[in-house]
Participant: 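Submitted below is the structure of interest, expressed as structure tokens.
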Amino acid sequence: MRTETASATEGAAAPPPAGWEEARSRVYAVGLAAALPAVERPLADVDGYTLAEPLTTRTDLPAFPTSSVDGWAVRGTGPWRVVGRVLAGGTPAPLTEDGTTVEIATGAMVPSGTSAVLRVEESTRTADGSVDGVPRGTPEWRDPGEEAAAGEELLPAGTPVDPAVIGLAASCGHDTLRVRRQPRAALLVFGDELLTAGPPAAGRVRDALGPTVPSWLRRYGCQIRPADVVGPVADTLPDHVAALRTALAHADLVCTTGGTMHGPVDHLHPALAELGADYVVNTVAVRPGFPMLLARVVGDDGRVRFVAGLPGNPQSAVVALVSLVAPLLAGLAGRVAPVLPHVTLAEPVPGRGDHTHLALVRLDRAAGTARPVRHVGSAMLRGLSGADGFAVIRPGSTGAAGDRVPLVPLPLLPGERAW
């Protein structure tokens, strides 16, 4: 890993920015190498987690022959004498005599000795109370193991857990699942110019990232409490170092906002150097969001923590989240590397020279197209509030109407599927 990283001290020499796709691959790899341990959790509490081991069945699925209709389980040829009734949840006695039947409900266990199930709507009753009719040629029940055999792997480790996965696990007989522990996150907001309440005034601006970033992190599956959001942290090196040390003591990932450049009050790089951090990525050739970074810190306990430096401009900070934090968290969760969907541009989108351009777009799902939105300056959030994601315009190119381009979706709530 040392071949991919540089110490924070070395990083102060401002190396060339990493390509956007290269940076994503790099941070995913270091996240996967530091994947979080597995924990056992009840089914009611695993939505949004990630399977730490394959999901297998504890029995055949279904475990016993199950009627797929309401009707009559019959033996031999009709008419059939009614000898009982079986409902879902019961264990029926076998049918031992030809010419006999039991009434059966959908989902009930089919008695042994049954030769066919006659649908109730296709049956008649004779004068003596017997049942008559012609069963269909195909069985009206589900055979054991029809969906899965006992011990069969249904989903691999690394699968995100959503309501469908939870239901499948329950049907297989599981009460708990082995999942990856969710990352614990913290946020440090840098900048003496920030206000935390009221409207901006007198040269000071309202902090938009302190309330925003935790919500994005939760949508990526992180645990972050109100007490984990600290700031504004005073613009001094000792205060930055102290805040980082405190946050890193309990968090797997510490996000910071602002201070990613080398201005007179940008203390993040010197603070990382004092903490002995290694850069995984130090600046990315992407617009907006260029001065983003990801650093790795190994604690005294040997556990790896990460610091994601997000730019202070709000839209740039979100670009850093989707560019670096998302693939890092996928790795920490043991998930497969994110694969981006593609969309068709409805309008032209300009390129940004030798940088990747992440352009905010709104999707027309009916038409399958993406249209750029307005108000997309690096410091603006108006365009972001009406967007569905970022269209990816690769370096040295532009996006023409009709082009198919990758899309970075904005994160949804845990368990939701966008594509």
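When a residue number appears, it is its place in the shown sequence, counting from 1. The figures here come from the full heavy-atom set of this structure, side chains too, leaving out hydrogens, waters and symmetry mates.
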Participant: Find out whether Val361 and Val343 are in side-chain contact, i.e. whether some heavy atom of one side chain is under 4.5 Å from a heavy atom of the other.
Facilitator: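 No. Closest side-chain heavy atoms not under 4.5 Å.
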Participant: Just to verify, which of Leu32, Leu253, Asp252 counts as forming a side chain to side chain contact (heavy atoms under 4.5 Å, CB included) with Leu328?
Facilitator: Leu253
Participant: For Phe64, does its backbone N or O pair with a side-chain atom of Thr66 as donor and acceptor, under 3.5 Å?
Facilitator: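 Pair found, side chain donor or acceptor close to backbone of Phe64.
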Participant: Roughly how far apart are Asp70 CG and Ile104 CD1, rounded to 0.5 Å?
Facilitator: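 If we round to the nearest 0.5 Å, Asp70:CG and Ile104:CD1 are 9.5 Å apart.
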Participant: Which is it for Leu310 and Leu321 under the side chain to side chain contact (heavy atoms under 4.5 Å, CB included) test, yes or no, and what are the steps along the way?
Facilitator: CA-CA 7 Å; Leu310 315 180; Leu321 282 169; 4.1 Å; yes
Participant: So which atom in Asp60 and which in Ala150 form the shortest heavy-atom distance, rounded to 0.1 Å?
Facilitator: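 In this case the closest contact between Asp60 and Ala150 is OD1-N, 2.9 Å.
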Participant: Report yes or no: does Asp354 contribute a side-chain atom to a donor-acceptor pair with the main-chain N or O of Pro395 at less than 3.5 Å?
Facilitator: no
Participant: Measuring from atom CG of Leu87 to atom OG of Ser67, what distance do you get when rounded to the nearest 0.5 angstrom?
Facilitator: 11.5 Å
Participant: Work out which heavy atom in Val229 is nearest to a heavy atom in Pro214; give both atom names and the distance.
Facilitator: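 For Val229 versus Pro214, the nearest heavy atoms are CG2-CG, 3.6 Å.
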Participant: I'd like to know whether Glu40 forms a side-chain hydrogen bond (donor to acceptor under 3.5 Å, both in side chains) with Thr176, so could you lay out the CA-CA distance, the side-chain angles of the two residues, the decisive distance to 0.1 Å, and finally the verdict.
Facilitator: CA-CA 6 Å; Glu40 194 91 13; Thr176 63; 2.5 Å; yes
Participant: Between CG of Leu268 and CG of Leu293, what distance do you get to the nearest 0.5 Å?
Facilitator: 5.5 Å
Participant: Does any N or O in the side chain of Thr260 come within less than 3.5 Å of the main-chain N or O of Pro291, such that one atom is a donor and the other an acceptor?
Facilitator: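 A pair under 3.5 Å: yes.
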Participant: Could you report the tightest heavy-atom contact between Gly259 and Asp266, atom names first, then the distance?
Facilitator: CA-OD1, 3.4 Å
Participant: Considering non-hydrogen atoms only, spot the tightest contact between Pro311 and Leu209 and give its length.
Facilitator: O-CD1, 3.9 Å
Participant: Taking the side chain from Thr159 and the backbone from Leu155, do they hold a donor-acceptor pair closer than 3.5 Å?
Facilitator: no
Participant: Applying side chain to side chain contact (heavy atoms under 4.5 Å, CB included) to Val39 and Val179, what does each step give before you reach the verdict?
Facilitator: CA-CA 6 Å; Val39 293; Val179 293; 3.9 Å; yes
Participant: Test your reading of the model: is there a side-chain donor-acceptor pair from Thr344 to the backbone of Asp403, 3.5 Å cut-off?
Facilitator: no
Participant: What's the verdict on salt bridge (charged side-chain N to carboxylate O under 4.0 Å, His left out) for Arg204 and Glu193, showing C-alpha distance, side-chain angles and the deciding distance?
Facilitator: CA-CA 5 Å; Arg204 302 183 69 191; Glu193 77 281 7; over 6 Å; no
Participant: Got a second to check how far Glu147's CD is from Leu154's CG, nearest 0.5 Å?
Facilitator: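 The CD atom of Glu147 sits 7.5 Å away from the CG atom of Leu154.
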Participant: Is there a donor-acceptor pair under 3.5 Å between the side chain of Thr236 and the backbone N or O of Asp239?
Facilitator: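 Confirmed, Thr236 side chain pairs with Asp239 backbone.
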Participant: Do the side chains of Thr246 and Leu248 get nearer than 4.5 Å, heavy atoms only?
Facilitator: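 Heavy-atom side-chain distance check fails, nothing below 4.5 Å.
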Participant: Any non-hydrogen side-chain atom of Glu103 less than 4.5 Å from a side-chain atom of Val86?
Facilitator: no
Participant: For His357, which of Val392, Ile393, Thr398 qualifies under side chain to side chain contact (heavy atoms under 4.5 Å, CB included)?
Facilitator: Ile393
Participant: Check this for me: Arg58, atom CZ, are more than 12 non-hydrogen atoms of other residues, nucleotides or ligands nearer than 6.0 Å?
Facilitator: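 No, not enclosed.
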Participant: Does Ala73 offer a backbone N or O that forms a donor-acceptor pair with the side chain of Thr101 under 3.5 Å?
Facilitator: yes
Participant: Can a donor-acceptor pair be found, under 3.5 Å and without considering hydrogens, that links the side chain of Arg362 to the backbone of Gly386?
Facilitator: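 Yes; judged by distance alone, with no hydrogens or angles, the pair exists.
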Participant: Any ion pair linking Asp228 and Arg184 (charged N to carboxylate O, less than 4.0 Å)?
Facilitator: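 Salt bridge absent between Arg184 and Asp228.
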Participant: At their closest point, which heavy atom of Val349 faces which heavy atom of Pro372, and how far apart are they?
Facilitator: CG2-CG, 4.1 Å
Participant: With a 4.5 Å limit on heavy-atom distance, are the side chains of Leu177 and Leu43 in contact?
Facilitator: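 In contact.
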Participant: Kindly indicate whether the side chain of Leu332, heavy atoms from C-beta on, has any atom under 4.5 Å from the side chain of Tyr28.
Facilitator: no
Participant: Rounded at 0.5 Å granularity, tell me how far CD in Glu140 sits from OG1 in Thr106.
Facilitator: 10.0 Å
Participant: Working to the nearest 0.5 angstrom, can you tell me the gap between Met109 CE and Thr91 OG1?
Facilitator: 6.0 Å
Participant: Would the distance check show the side chain of His267 and the main-chain N or O of Asp235 forming a donor-acceptor pair, the cut-off being under 3.5 Å?
Facilitator: yes
Participant: Could you pull out the closest heavy-atom pair between Ala18 and Val281, with the gap in Å?
Facilitator: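 Reported closest heavy-atom pair: CB-CG1, 4.4 Å.
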Participant: Establish, from distance only, whether the side-chain atoms of Gln315 and Ser378 form a donor-acceptor pair under 3.5 Å.
Facilitator: no
Participant: Report the residues that fulfil ring pair (Phe, Tyr, Trp, His ring centres under 6.0 Å) with His355, sequence neighbours left out, ordered by chain and then residue number.
Facilitator: Phe290
Participant: If you count heavy atoms of other groups shown closer than 6.0 angstrom to CZ of Arg85, is the number above 12?
Facilitator: no
Participant: Among residues two or more places apart or on two chains, list those pairs meeting ring-ring contact (aromatic ring centres under 6.0 Å, His included) that have a residue in residues 177-204.
Facilitator: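 Counting only pairs at least two positions apart or across chains, the ring-ring contact (aromatic ring centres under 6.0 Å, His included) contacts touching residues 177-204 are Phe190-His240.
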Participant: Side chain to side chain contact (heavy atoms under 4.5 Å, CB included) for Leu363 and Leu407? Distances and angles first, verdict last.
Facilitator: CA-CA 10 Å; Leu363 301 179; Leu407 178 82; 4.0 Å; yes
Participant: Would you say Cys172 and Leu61 make side-chain contact, with heavy atoms under 4.5 Å?
Facilitator: yes
Participant: Quick one: does Val286's side chain get under 4.5 Å of Leu358's, heavy atoms only?
Facilitator: yes
Participant: Just checking, any donor-acceptor pair under 3.5 angstrom between side chains of Arg75 and Ser115?
Facilitator: no
Participant: Any chance you could lay out the side chain to side chain contact (heavy atoms under 4.5 Å, CB included) test for Leu95 and Val83, step after step, and finish with the verdict?
Facilitator: CA-CA 9 Å; Leu95 284 175; Val83 296; 4.0 Å; yes
Participant: Against Thr50, only a single residue in Arg181, Arg335, Gln182, Arg180 fulfils side-chain hydrogen bond (donor to acceptor under 3.5 Å, both in side chains); can you say which?
Facilitator: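 Single side-chain hydrogen bond (donor to acceptor under 3.5 Å, both in side chains) partner of Thr50 among Arg181, Arg335, Gln182, Arg180: Arg335.
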Participant: Suppose we screen for side-chain contact (heavy atoms from CB on, under 4.5 Å). Which residues come up paired with Asp301, at least two apart in sequence or across chains?
Facilitator: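 Partners of Asp301 by the side-chain contact (heavy atoms from CB on, under 4.5 Å) criterion, ordered by chain and then number, come out as Arg303, Arg305.
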Participant: For the pair Arg206 (side chain) and Gly198 (backbone), establish whether a donor and an acceptor sit closer than 3.5 Å, ignoring hydrogens and angles.
Facilitator: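 Yes: the side chain of Arg206 pairs with the backbone of Gly198.
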Participant: Could you check if a side-chain atom of Asp143 sits within less than 4.5 angstrom of a side-chain atom of Trp141, using non-hydrogen atoms only?
Facilitator: yes
